[in-house]
Amino acid sequence: RANTFKGKGNFQPPAQRAVPLPPLKGPEAELERLLLAALINHPDLIDEAAETLGQLTFADPALDRLRQEALNLLAQTPGLDSLTLRHHLEAHGFGEAVASLLRTTMAGFTKAQASAEEAKKGMLHALGRLRRPEIVRALQEAERRLGVEASEESWEALKTLQDELNTIDHVDDDEGA
């Protein structure tokens with residue numbers, strides 16, 4: 001049945017039911033949760049990450065729907081604070097998912113108490129780590145293209161991708177030290 005009834009006159013369509021997030025499945029899922037938790041607690045960072053977050057598709061469909069809803073709300077209502085964003089997400093059926101996300105995400109930069117700079121650095125790092133496989137594939141393709149057609153344009157594309165990968169790897173090295 002498409003519709004669920006809960007008591008007399010209390011109709012609730014399935015799309016509005018709060019659904020908790022499923023268990024983590026791999027490092028990508030953890031990075032995706034970190035990004036969303038940071039964005040929900042620090043919505044002012046949307047300008048730093050909107051384009052990249054908008055291009056991603058999260059592996060977990062529930063998390064991807066939450067990502068899309070948060071991005072839509074932040075695009076429609078610039079300047080939302082964290083509490084207002086949470087209220088909007090709750091009103092759109094994501095209350096339990098947001099509560100679960102914020103309760104189980106442990107990285108310091110995702111917390112509401114994190115400074116704006118700490119949250120920004122952590123979010124950009126998580127975005128880089130999440131995008132790393134995509135960048136490596138693009139780099140391999142750029143190297144192949146350069147071998148076929150040595151041009152200034154293909155060289156610049158290769159250099160840009162190398163720089164982006166080096167930035168991600170450098171941050172990883174700094175954190176491991």
Side-chain angles (χ1 to χ4, degrees), residues 1-135 167-168 171-172 175:
R1 289 190 128 127
N3 297 326
T4 310
F5 289 94
K6 294 186 177 187
K8 185 177 178 180
N10 193 3
F11 174 74
Q12 183 179 7
Q16 294 299 314
R17 283 187 293 187
V19 178
L21 295 174
L24 287 174
K25 293 180 183 169
E28 290 83 15
E30 177 64 20
L31 289 170
E32 292 167 355
R33 287 181 183 209
L34 291 172
L35 286 170
L36 278 180
L39 184 62
I40 290 167
N41 279 326
H42 300 275
D44 51 311
L45 293 178
I46 189 63
D47 292 336
E48 304 289 335
E51 185 176 341
T52 303
L53 275 173
Q55 294 171 352
L56 294 174
T57 300
F58 286 0
D60 179 324
L63 209 54
D64 197 52
R65 285 189 299 276
L66 178 56
R67 174 195 64 85
Q68 290 173 13
E69 188 66 30
L71 290 175
N72 286 337
L73 288 168
L74 290 168
Q76 292 169 5
T77 315
L80 279 182
D81 63 22
S82 179
L83 185 60
T84 306
L85 175 59
R86 281 189 242 157
H87 286 308
H88 278 281
L89 291 170
E90 185 175 310
H92 288 90
F94 294 97
E96 193 171 331
V98 169
S100 172
L101 178 70
L102 297 180
R103 185 176 54 250
T104 60
T105 305
M106 298 298 164
F109 77 90
T110 67
K111 302 296 182 189
Q113 302 87 337
S115 70
E117 189 57 37
E118 181 183 8
K120 176 182 172 180
K121 182 179 177 185
M123 179 182 245
L124 293 177
H125 177 63
L127 272 172
R129 287 185 51 205
L130 195 58
R131 290 192 57 237
R132 191 180 194 288
E134 168 195 333
I135 295 167
T167 298
I168 292 168
V171 172
D172 283 339
E175 288 187 0

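Note that CG of Asp60 is 8.0 Å distant from CZ of Arg65, once rounded to the nearest 0.5 Å. Residue Arg129 holds its CZ atom at 13.0 Å from CD1 of Ile135, rounded to the nearest 0.5 Å. Met123 CE to Leu31 CG: the interatomic distance, rounded to the nearest 0.5 Å, is 12.0 Å. Atom CZ of residue Arg33 and atom OG1 of residue Thr110 lie 12.5 Å apart, to the nearest 0.5 angstrom. Between the CD atom in Glu28 and the CZ atom in Arg132 there is a gap of 12.5 Å [rounded to 0.5 Å]. Atom CD1 of Ile46 and atom CG of Leu39 lie 5.0 Å apart (nearest 0.5 Å).
The shortest distance between side-chain heavy atoms of Leu56 and Leu127 falls below 4.5 Å. For the pair Leu89 and Leu85, the minimum side-chain heavy-atom distance is below 4.5 Å. In this structure the side chain of Glu90 never reaches within 4.5 angstrom of the side chain of Val98, judged on heavy atoms.
In this structure, the side chain of Lys120 does not engage the main chain of Ser115 through any donor-acceptor pair within 3.5 Å. The backbone N or O of Leu124 lies less than 3.5 Å from no partner atom in the side chain of Glu48, so there is not a single donor-acceptor pair.
Contact between Ala114 and Gly108 at its shortest, heavy atoms only, is CB-O, 3.4 Å. The two residues Ala126 and Leu35 come nearest to each other via the heavy atoms CB-CD2, 3.8 Å. Of all heavy-atom pairs spanning His88 and His92, the tightest one is O-ND1, 2.6 Å.
The closest side-chain donor-acceptor pair between Asn72 and Gln68, if any, does not fall under 3.5 angstrom.
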Practice problem: Show your reasoning for whether side chain to side chain contact (heavy atoms under 4.5 Å, CB included) applies to Phe109 and His42. | Solution: CA-CA 10 Å; Phe109 77 90; His42 300 275; over 6 Å; no
Exercise. Mind running side chain to side chain contact (heavy atoms under 4.5 Å, CB included) on Leu130 and Leu34 for me, showing each step along the way?
Key: CA-CA 11 Å; Leu130 195 58; Leu34 291 172; over 6 Å; no
Exercise. Please assess Arg67 against Leu71 for the test side chain to side chain contact (heavy atoms under 4.5 Å, CB included), listing each intermediate value before the final yes or no.
Key: CA-CA 6 Å; Arg67 174 195 64 85; Leu71 290 175; 3.5 Å; yes
Practice problem: Any chance you could lay out the side chain to side chain contact (heavy atoms under 4.5 Å, CB included) test for Leu101 and Phe94, step after step, and finish with the verdict? | Solution: CA-CA 10 Å; Leu101 178 70; Phe94 294 97; over 6 Å; no
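Among Asp44, Leu102, Asn41, the one residue that satisfies the side chain to side chain contact (heavy atoms under 4.5 Å, CB included) test with Ser82 is Asn41.
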